[in-house]
Amino acid sequence: MTAARPWPLGVEGIAYGGDYNPEQWPREVRLEDIELMREAGVNLLSVAIFSWAMLEPREGEYDFAWLDEVMDNLADAGIKVALATATASPPPWLTRRHPEILPVTEDGTVLSQGGRQAYAVSAPLLRQYATKMTRVMAERYGDHPALALWHVDNELGCHVPHDYSDHAAAAFRRWLEARYETIEALNEAWGTAFWSQRYDSFEEIFPPRVAPTYANPSQQLDFARYSSDELLTHYRALRDVLREVTPHIPATTNFMLSSATKWMDYFSWSKDVDLVANDHYLIAADPRGQIELAFAADLSRGVAGGDPWLIMEHSTSAVNWQPRNRTKGRGEMLRNSLSHVARGADGVMFFQWRQSKAGAEKFHSAMVPHGGRDTDVWRGTVGLGRALESLAEVRGSRVLNRVALVMDYPSWWGSELDSHPTQALRYSEEMLRWYTALWDLGIGVDIVSTSTDLTGYELVIAPTLYTVSAPEAERLAEAARAGAQVVITFFSGIVDENDHIHLGGYPGAFRDLLGVRTEEFYALQEHEILHLDDGTAADMWSEKTHLEGAEAVRTWADGPLHGWPAVTRHVVGEEGGAAWYVAARPAADGLETLVEEIASAAGVEPAVPGLHRDVEAVRRFAEDGTTYLFVLNHSDRDQVVQVSGQELLRGTEADGAHTVPAGAVAVIRES
Ligand code: GLA
């Protein structure tokens, strides 16, 4: 199948490599690098991400000799380059001469140079210098045989998702004028009749800087939208230079899609990147981190609209930036990598190629560790290269699911605003709870935005979809009318896009679809537990819900709402569809039983029935009808899988009962 999106030029099979920072090393090490890269089967590297100060040591004076040599050597070795714009960390001479490009925090602190990403994307001078550097790079390397892809800046918004500088204030005002046109429209949208907040002109408006108490929530929501858009605007400015100078080279930037990255609405960035590239790191404290990894991978595929994508950075072993960093166990790096591939990645890359000897990231693992070749990490690097070579034919095949999880960044921002019924709610935790229940049942899921047509899905789950416009709500209703089981959970459909309540009872936007009406929320205290009539526990939330067409599936078994509905079901249309309302936050066991019940009503089944819950099974479908079954055994016992075909990693036949040893992976081209 030919990918709908462009791919790094000249990269055959599955892409393999990582960030390469040769400026940290002398020539002899760089020559050894080439040998090691060949040994590992590397075919793609991200180069020059943080090279600005080395390439332009003084304003207007360039030193390209070292990069020319690196690019030439890589080209000779047949290794392709995702070349960076080199703009991710402005050189000290720039911030010294123009400290006004430095970003400012909510409380007015100016962030200094000396780390990285010390820039305000809205500062006109930063834009000017960064587009100039981008042009210099494009003009110098645009025709270089190693160039396969442009890597714009790096993880835009990673350290400074929000800038509150005066540049940002000016850009925010321009953004608001474009959105509202008149100050009257803004006053209406922000509900400024409250607390004497009426504005007489756009000039009076600031970013929501630290204030005596809660800032206007509509302003906070718009500032989140503006901040995501402003980072994207910066990306576009650099990307447009590349398109002008090198229209034949695809361009992207590395996203940070995960349950931890809240502030960039990547669904709205998707169309601006030629291919979706993601960076993902395991959370060391999470004993089942493979589930959050799978969530991030499914989300990457969702943002890519189902097209192949690239895992551009992950780690071979421990990282350096968590409170306690964890070394990966035996086989874990291979499992992590192939979990991304199973979920649609056609390339596997790492931060970074060679572990740094100095600097803040010297304790971050890499493909070539401090200890050199006689290490588990290096053997893992070589082993992964071989594995990916044997999976070349998988490239371009797709993941197809009948279940959708609806994710919405404005709902993430909105549901976690201050001055709410509870401050305990974490949107991404709610997403992950439902995702985990599906994972434990072995059911594959697409993670999609609120603008996706949902009518092809059998089961649609929208956790805490707090911020909802009428057309967005309508898409969920359409899915139910088309025959899907649609699940909406508590604190959904509460406000419109301006954070104004949908009046008449909660969950306003979904009341008719769900056939219920909630009159009041009953948020629970920390450690307070209630029970449902199936005997399972629930925490954090309850609400007084009237049935208005729906039936109760679970009721509260104790507490002030004893006997009132906690989970409801409303038959919708003639196609067997139903809308379920989960007005509670059931504990994991109760949630899993509920998901099982709803999945069975939807007729949705696991990719492979009967597997241990720590065994991941995912299928990719090729255009010619070939299917590839990935089985990743995260458990400590062998797993027998009923499957026949060719096992690609070992080149053996799978004939019926196929054993995937503890910790191992099998990829079977099914017959
Ligand atoms: C991010 C950055 C990299 C590196 C890694 C470390 O992904 O893009 O430059 O700092 O984190 O995990």
Side-chain angles (χ1 to χ4, degrees), residues 17-25 44-54 81-90 114-119 121 149-161 231 234-235 238 252-264 266 269 273 276-286 289 292-293 296-297 299-300 309-328 332-333 336-337 340 345 347-370 377 381:
D19 284 13
Y20 183 36
N21 298 302
E23 64 270 47
Q24 297 174 14
W25 300 98
L44 183 65
L45 296 165
S46 300
V47 180
I49 296 175
F50 299 105
S51 304
W52 195 345
M54 299 296 267
V81 172
L83 189 62
T85 52
T87 52
S89 196
R116 65 175 174 185
Q117 217 171 73
Y119 58 70
V121 281
L149 175 70
W150 285 115
H151 181 295
V152 174
D153 211 88
N154 191 63
E155 291 194 344
L156 285 154
C158 168
H159 304 301
V160 190
L231 289 161
H234 188 62
Y235 166 83
L238 307 193
T252 192
T253 187
N254 41 350
F255 292 171
M256 293 169 280
L257 292 153
S258 79
S259 65
T261 303
K262 173 175 173 182
W263 294 115
M264 277 65 70
Y266 287 125
W269 292 42
V273 291
V276 168
N278 196 41
D279 296 351
H280 182 267
Y281 292 93
L282 287 178
I283 299 157
D286 180 354
E292 199 276 336
L293 181 155
L299 177 57
S300 301
W309 55 280
L310 189 61
I311 176 77
M312 194 161 230
E313 286 182 26
H314 66 150
S315 68
T316 56
S317 191
V319 302
N320 63 307
W321 45 264
Q322 296 181 20
R324 293 165 191 255
N325 298 295
R326 190 176 67 79
T327 299
K328 290 193 181 178
E332 192 175 356
M333 186 266 253
N336 292 164
S337 298
H340 287 297
V348 176
M349 301 175 74
F350 292 91
F351 177 83
Q352 64 176 329
W353 164 253
R354 185 183 280 275
Q355 189 169 10
S356 298
K357 106 180 186 191
E361 294 185 319
K362 57 184 172 297
F363 294 114
H364 192 298
S365 61
M367 298 168 80
V368 183
H370 289 154
V377 167
T381 298

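None of the values given here were measured: they were computed from a predicted structure. Just follow the structure's listing: the first ligand is 1, and inside any ligand the first atom is 1.
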Would you say that Tyr281 contacts Asn336 through its side chain, given a criterion of any heavy-atom pair below 4.5 Å between the two side chains?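 No. Closest side-chain heavy atoms not under 4.5 Å.
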
Using a 4.0 angstrom limit on heavy atoms, which residues are close to ligand 1? Phe50, Arg116, Asn154, Glu155, Asp279, Tyr281, Glu313, Trp321, Phe351, Glu361, His364

Once the angle between the rings of Tyr119 and His234 is folded into 0 to 90°, is it parallel (under 30°), tilted (30 to 60°) or perpendicular (over 60°)? tilted

Over 60° means perpendicular and under 30° means parallel, so classify the ring planes of Tyr266 and Phe255, tilted if in between.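 Taking Tyr266 first and then Phe255, their aromatic rings lie parallel (interplane angle under 30°).
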
Closest non-hydrogen atom pair, Lys328 against Thr316: CD-O, 3.5 Å

Distance (rounded to the nearest 0.5 Å) between Leu156 CG and Trp269 CH2: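 With rounding to 0.5 Å, CG (Leu156) is 5.0 Å from CH2 (Trp269).
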
Pairing residues for Ser51 by the side-chain hydrogen bond (donor to acceptor under 3.5 Å, both in side chains) criterion, not counting sequence neighbours: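 So Ser51 forms a side-chain hydrogen bond (donor to acceptor under 3.5 Å, both in side chains) with Glu23.
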
